[in-house]
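Reminder, nothing fancy here: chain letters follow the sequence lines and each chain counts from 1.
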2 protein chains.
Amino acid sequence: MDAMAEITIQQVAQAAGVSPSTVSNLLNGRAHRMLPATRHRVEKAIERLGYRPNRAARQLRTGRTQTIGLVVPSVGNPFWGAFARHLESAALAEGYHVLLCNSERNPERERHYIDELWSDGIRGVVLCSSLPSLDHVRPLIERGLQLVTFDRAAQAADPESLVSISVDNVVGMHLATTHLIGLGHRRLAFVSGALGSVNRKDRYRGFVDALELAGLPADSAAVWSGASAEWFGDVEAAELGREAARELLSGDRPPTGIVAVNDMCALGVCRGIRDVGLRVAHDVSVVGFDDIVLADLYDPPLTTVRQPSPQLATSAFAELKARVENPGTTPGRSLLVRPELVVRESTAPPPSHP
Amino acid sequence: MDAMAEITIQQVAQAAGVSPSTVSNLLNGRAHRMLPATRHRVEKAIERLGYRPNRAARQLRTGRTQTIGLVVPSVGNPFWGAFARHLESAALAEGYHVLLCNSERNPERERHYIDELWSDGIRGVVLCSSLPSLDHVRPLIERGLQLVTFDRAAQAADPESLVSISVDNVVGMHLATTHLIGLGHRRLAFVSGALGSVNRKDRYRGFVDALELAGLPADSAAVWSGASAEWFGDVEAAELGREAARELLSGDRPPTGIVAVNDMCALGVCRGIRDVGLRVAHDVSVVGFDDIVLADLYDPPLTTVRQPSPQLATSAFAELKARVENPGTTPGRSLLVRPELVVRESTAPPPSHP
DNA sequence: GATCACTGGTGTAACGTTGCAACGACCATA
DNA sequence: TATGGTCGTTGCAACGTTACACCAGTGATC
């Protein structure tokens, strides 16, 4: 295989007997400026040579890219996989591409990625970081980086141009916890990885709020937040949930209801419940968060808080595109969608006391 | 926010009191060619100005990119999500980026993406297409596109430079089917979407081969391949499996063992089994393919054929990188990894006859 | 028959980077 | 003191594209 020469706009121009400018005009929606005959000649030439414009040259010249960055914890988690998929579809429909970055919840890695994206000429990023502070990206934001954060409610100290799109995590967990309390549960537990991220903190707060509203002492509830790990990957969430369930249920005064920080974690909790010989719902109720596809497939189907990820992804892209194409015109804002509790069969009244 | 001027290599050069060439030399691993003092001045300037090289300019000049393309059916399917994640990690370790493309099993979309990737200057793509023919990418391969196909055994008519990495799907399904037969099952069913892709065809063949080897007439087995849909998305696989199970089990002579084309589909089958009031394993055994994280979490934990996706992803990237950086030196080849049957609890002997 | 406005098309410079060829300065050798 | 070699650094052209300014021709208007 020999070193392949690319087909350039000059070659097309020559083949069509016009100047490169004319070809460029056609390519950039200025076809009306030429005779139909010319236009057809050029189109034929493009077709015949299989010409594809060189994106790097175009980007260098115009300063624009048709690529956005997506930073998620890990597409190994089906929730993020689905989100990535929907975002990518929205992008495709508008001629954009998506560069995938799994931060693995590693701040260093996340920072590195944002820098790289900037180098790539990418000026719009959907960040699903959840790091409380955005200081590591502030210099870039000041230079013109457009950021849409997802699943991370806006913070007071955030840069003002920021757009944030998220489900209301506090409300969501409030709903979940209240559901459990309404079923008669009094001994609850909250299972999560380290509470380092905004959304986890919010979810935890929803849990505590609901407890207090019901007159239950907050300290009566167990909180299991993976003391060992500073942070944990989203795939390991399941393993963590499993471990948590085993530990919680073999202690004294085991909980009868467990709310998990997300569905993967909840599924792990369910597994842990079976590990110790108990039954989900019958012995201990579990509620998750996200409503991944598998929640409904599980046995028992998982009660959970739904994040409408197609809509959220679509909004995120639309918001980002508007800002990238028209920087500085719209002020920062924050969209907080109210989530919905989906009651399935992993929750039931607590077993009657002996 | 005003239009932001990028920081260029010239500005760095000026700030450091050297020429752009010197900065470029430093950036491209030719630091030994300058005095330590110069080097430090330049490094300081880069740091102080927050300079990031413009990738588009660099790519235009050198013709190289540090980006590869990944075309998967859909990262909404946890198997592909995990694969994407591992591939991306391998890429990151070598300074590469990954552009994500979900084909949604739509040939038109896949074709479009490959064209776009080429336009982006990307010369290496991991293609998880499974389309039997590669004709739609042949022109680009001839121009120098390096392709590693994954989960698609090499075909006779493939371009010679092609690398293909895959699990041995025939063997895998053979293992799964034989496992069921060994447990005493005689009435089996194979559930899949349309058998349009190479891997599905292979998996089906493994199923039939095992049947024949056991002296079971192939036509005694039911095959459910989603007659309605031309193709189906990976997320819908679960829905399809569910429907298949309901239909198969309410017919006459229902199967006692079902092998599903992948885990998502198998999970759907399990759900369908419960829909009709039967129990997985106890009444009908199910075996999947992939070994996604959730297989082990499920109730009952799913017996399945494992694809070692971290290793496969790592190999795919290594193979692709070698070819992109050194085109035309290595001939095409094909790596077929033997998969492993993971026996869990979704399979059991068939219920004894009344 | 000048002037003007359009129409269809072209020439040119620039985007930021790289790598080669070339440079002057210095030192060792003859 | 010439000659040659090395060292550290730089000038220059080019990668493929685009947008602006410009131009030559045509037809209408005064």
Participant: Before giving the answer on salt bridge (Lys or Arg N to Asp or Glu O under 4.0 Å), spell out for A:Arg64 and A:Glu325 the whole-Å C-alpha distance, their side-chain angles and the decisive distance to 0.1 Å.
Facilitator: CA-CA 9 Å; A:Arg64 280 171 298 219; A:Glu325 293 180 354; over 6 Å; no

Participant: Just checking B:Arg55: base, sugar-phosphate only, or nothing, at a heavy-atom cut-off of under 4.0 Å?
Facilitator: nothing

Participant: With a 4.5 Å limit on heavy-atom distance, are the side chains of A:Phe83 and A:Leu70 in contact?
Facilitator: yes

Participant: Roughly how far, to the nearest 0.5 Å, is the CD atom of B:Glu142 from the CZ atom of B:Arg138?
Facilitator: 7.0 Å

Participant: Sorted by first residue and then second, give each salt bridge (charged side-chain N to carboxylate O under 4.0 Å, His left out) pair with at least one member in residues 53-62 of chain A; sequence neighbours left out.
Facilitator: A:Arg55-B:Glu116, A:Arg55-B:Asp120

Participant: Side-chain contact, heavy-atom cut-off 4.5 Å: B:Leu92 with A:His112?
Facilitator: yes

Participant: Measure the distance from CZ on A:Arg64 to C1' on D:dT17 and round it to the nearest whole Å.
Facilitator: 12 Å

Participant: Quick check on C:dT7: is either OP1 or OP2 less than 4.0 Å from any side-chain nitrogen or oxygen of A:Arg30?
Facilitator: no

Participant: I need the single residue from B:Val71, B:Leu134, B:Val198, B:Val163 that forms a side chain to side chain contact (heavy atoms under 4.5 Å, CB included) with B:Thr149. Which is it?
Facilitator: B:Leu134

Participant: Which heavy atom of A:Tyr51 sits nearest a heavy atom of A:Leu27, and at what distance?
Facilitator: CE2-CD2, 3.7 Å

Participant: Enumerate the protein-to-nucleotides 6-9 of chain D contacts in which both atoms are nitrogen or oxygen and the separation is below 3.5 Å.
Facilitator:
from  : atom 1 : to      : atom 2 : distance (Å)
D:dT9 : OP1    : B:Thr38 : OG1    : 2.4
D:dT9 : OP2    : B:Leu35 : N      : 2.9
D:dT9 : OP2    : B:Thr38 : OG1    : 3.3

Participant: With a 4.5 Å cut-off on side-chain heavy atoms, are B:His97 and A:Thr67 touching?
Facilitator: no

Participant: What does the list of N/O pairs under 3.5 Å between the protein and nucleotides 12-16 of chain C look like, with a distance for each?
Facilitator:
from   : atom 1 : to      : atom 2 : distance (Å)
C:dC15 : O2     : A:Arg61 : N      : 3.4
C:dG16 : N2     : B:Ala57 : O      : 3.4

Participant: In whole angstrom, give the distance that lies between atom CG of B:Leu27 and atom P of C:dG19.
Facilitator: 11 Å

Participant: Using whole Å, what does the distance between atom C1' of nucleotide D:dG16 and atom CG of B:Asp120 come to?
Facilitator: 15 Å

